[in-house]
Amino acid sequence: YNAVYRQVEQDSLEMWQQQEERAESSAGTSAGAEEESGESAGTSAEILEEMPEIWRDYEADCFYQRKDGSQLRMVGVDRAAGSSYYVLLEAVDGVNTSVVNPDPYLGSGGYAKWIDFLEDEKTGFSCLAYSGGSRGLLYRTEDGGRSFQAVTYPSAEMELPDGSLYQPFIMPEKVWEEEGRLFMRAGQGPDGDHYEDGVKVCGLYESQDRGKNWRYVGTVEADGSF
């Protein structure tokens, strides 16, 4: 178990590092192109909002219901090697109308499990499951979904009967706010088998900077919904 879960942690770190490199490369390319053409940031945003007609009726794997009745939808528009690749679309009256983000998961494929926002509807989070759904990555936005960053959280090491350690909490499940602090529940994925006092548990994490950094604070009972 120890070797397996350490490999899980290493895989997650490597994927996050690759995403950071791709994001930096993309940002540099975009900045250079904008400087050469003299286009403003507002013009670039308008280009991103164009949507192929064929996407209008595509279904979402998960969505967030805004206060005004519109939706932000994670829609898979391509598949390769069993993984979906997503765009974030805005939908009005049940119809996809515009592109909010053409690559919310920064080039990574998998399965979009959920997307949710805080009360301001600017700061939000989403989880992309990968490796057959057994692991997940957490993504954060602070501009309503127009850009995302991959966010890491510290592994919680649990001791096995033989004294070895492993990290069971590998699937972000939910983020919520209480009295100015954010909390996150991270589950064990479909293959997890860590129990405390006969009860399957999830990891509980806390953030005091709106989800940019997290610290492990303990465990909570798993509710069976993930």
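Minimum heavy-atom separation, Asn213 to Asp209: ND2-OD2, 2.6 Å. Heavy-atom minimum distance, Cys127 versus Gly136: SG-CA, 4.2 Å. Contact record, Ser70 with Asp68: OG-OD1, 2.6 Å, taken as the closest heavy-atom pair. The two residues Ala129 and Met171 come nearest to each other via the heavy atoms CB-CE, 4.0 Å. Of all heavy-atom pairs spanning Tyr130 and Leu137, the tightest one is CE2-CG, 3.6 Å. Ile170 and Gln167 get closest at one heavy-atom pair: CG2-O, 3.7 Å.
Rounded to the nearest 0.5 Å, atoms CZ (Phe169) and OH (Tyr153) are 9.5 Å apart. Going from atom CE of Met184 over to atom OG of Ser207 covers 9.0 Å, rounded to the nearest 0.5 Å. Taken from CZ in Phe125 to CH2 in Trp176, the straight-line distance is 12.0 Å, to the nearest 0.5 Å. Note that CG of Asp78 and OG of Ser84 are 8.5 Å apart. Values are rounded to the nearest 0.5 Å. Between atom CE of residue Met74 and atom OG of residue Ser126 there is a gap of 4.0 Å, rounded to the nearest 0.5 Å. A distance of 12.0 Å separates CD1 of Ile54 from CG of Asn96, quoted to the nearest 0.5 Å.
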- Message: Determine whether Glu206 and Tyr216 satisfy the following criterion, side chain to side chain donor-acceptor pair (under 3.5 Å), listing intermediate values before the conclusion.
- Response: CA-CA 7 Å; Glu206 179 189 5; Tyr216 174 71; over 6 Å; no
- Residue pair Asp61, Tyr86: steps toward the side chain to side chain donor-acceptor pair (under 3.5 Å) verdict: CA-CA 9 Å; Asp61 284 338; Tyr86 290 87; 2.6 Å; yes
- Message: Determine whether Trp55 and Thr97 satisfy the following criterion, side chain to side chain contact (heavy atoms under 4.5 Å, CB included), listing intermediate values before the conclusion.
- Response: CA-CA 9 Å; Trp55 291 357; Thr97 57; over 6 Å; no
- Evaluate the criterion side chain to side chain contact (heavy atoms under 4.5 Å, CB included) for residue pair Phe148 and Leu138; output intermediate values, then yes/no. CA-CA 10 Å; Phe148 280 85; Leu138 180 68; over 6 Å; no
- Query: When you look at Arg56 and Glu53, which way does the salt bridge (charged side-chain N to carboxylate O under 4.0 Å, His left out) test go after all the steps?
  - Reply: CA-CA 6 Å; Arg56 285 179 60 84; Glu53 183 67 23; 3.2 Å; yes
- Item | side chain to side chain contact (heavy atoms under 4.5 Å, CB included) between Val100 and Leu72, intermediate numbers included | CA-CA 8 Å; Val100 176; Leu72 291 176; 3.8 Å; yes
- Step by step, would you call Arg66 with Glu90 a salt bridge (charged side-chain N to carboxylate O under 4.0 Å, His left out)? CA-CA 10 Å; Arg66 285 171 167 163; Glu90 181 179 59; 2.3 Å; yes
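Inter-residue side-chain proximity for Val175 and Phe183 is flagged as unmet; no heavy-atom pair is nearer than 4.5 Å. Residues Ile115 and Leu88 form a side-chain contact, since some pair of their non-hydrogen atoms from C-beta on lies under 4.5 Å apart. At a threshold of 4.5 Å between non-hydrogen side-chain atoms, the residues Cys202 and Glu173 count as touching. Looking at heavy atoms from C-beta onward, Glu121 lies in side-chain contact with Tyr64 at the 4.5 angstrom threshold.
Formation of a donor-acceptor pair under 3.5 Å by the Trp214 side chain with backbone atoms of Thr152 is not found in this model. Not a single donor-acceptor pair under 3.5 Å links the side chain of Glu178 to the backbone N or O of Leu182. Ser134 contributes no side-chain N or O that, together with a main-chain N or O of Gly189, makes up a donor-acceptor pair within less than 3.5 Å. Gln188 contributes a side-chain N or O that, together with a main-chain N or O of Val201, makes up a donor-acceptor pair within less than 3.5 Å. Ser155 places no side-chain N or O within 3.5 Å of a backbone atom of Glu157 that could act as its donor or acceptor partner.
Summarising the local packing, CD of Glu59 is surrounded by 12 or fewer heavy atoms from other residues, nucleotides or ligands at distances under 6.0 Å.
Taken together through direct or relayed side-chain contacts under 4.5 Å among Ile, Leu, Val, Met, Phe, Trp and Tyr, Val220 and Tyr205 form parts of separate hydrophobic clusters. Linking ILVMFWY residues whenever their side-chain heavy atoms come closer than 4.5 Å, directly or via other members, leaves Leu89 and Phe63 in distinct clusters. Leu128 and Tyr85 are assigned to two separate hydrophobic clusters, defined by single-linkage of ILVMFWY side chains at heavy-atom distances under 4.5 Å. Using a 4.5 Å cut-off between side-chain heavy atoms of Ile, Leu, Val, Met, Phe, Trp and Tyr, with links allowed through other members, Val151 and Leu118 fall into the same hydrophobic cluster.
The pair Glu221-Arg185 does not meet the salt-bridge criterion, since no charged nitrogen lies less than 4.0 angstrom from a carboxylate oxygen.
Contacts of Arg79 classified as salt bridge (charged side-chain N to carboxylate O under 4.0 Å, His left out), with partners at least two apart in sequence or in another chain: none. With sequence neighbours excluded, no residue satisfies salt bridge (charged side-chain N to carboxylate O under 4.0 Å, His left out) with Arg73.
A ring-centre distance under 6.0 Å is found for Tyr105 and Tyr139.
The side-chain contact (heavy atoms from CB on, under 4.5 Å) test with Arg210 singles out one residue from Glu142, Arg140, Lys122, and that residue is Arg140.
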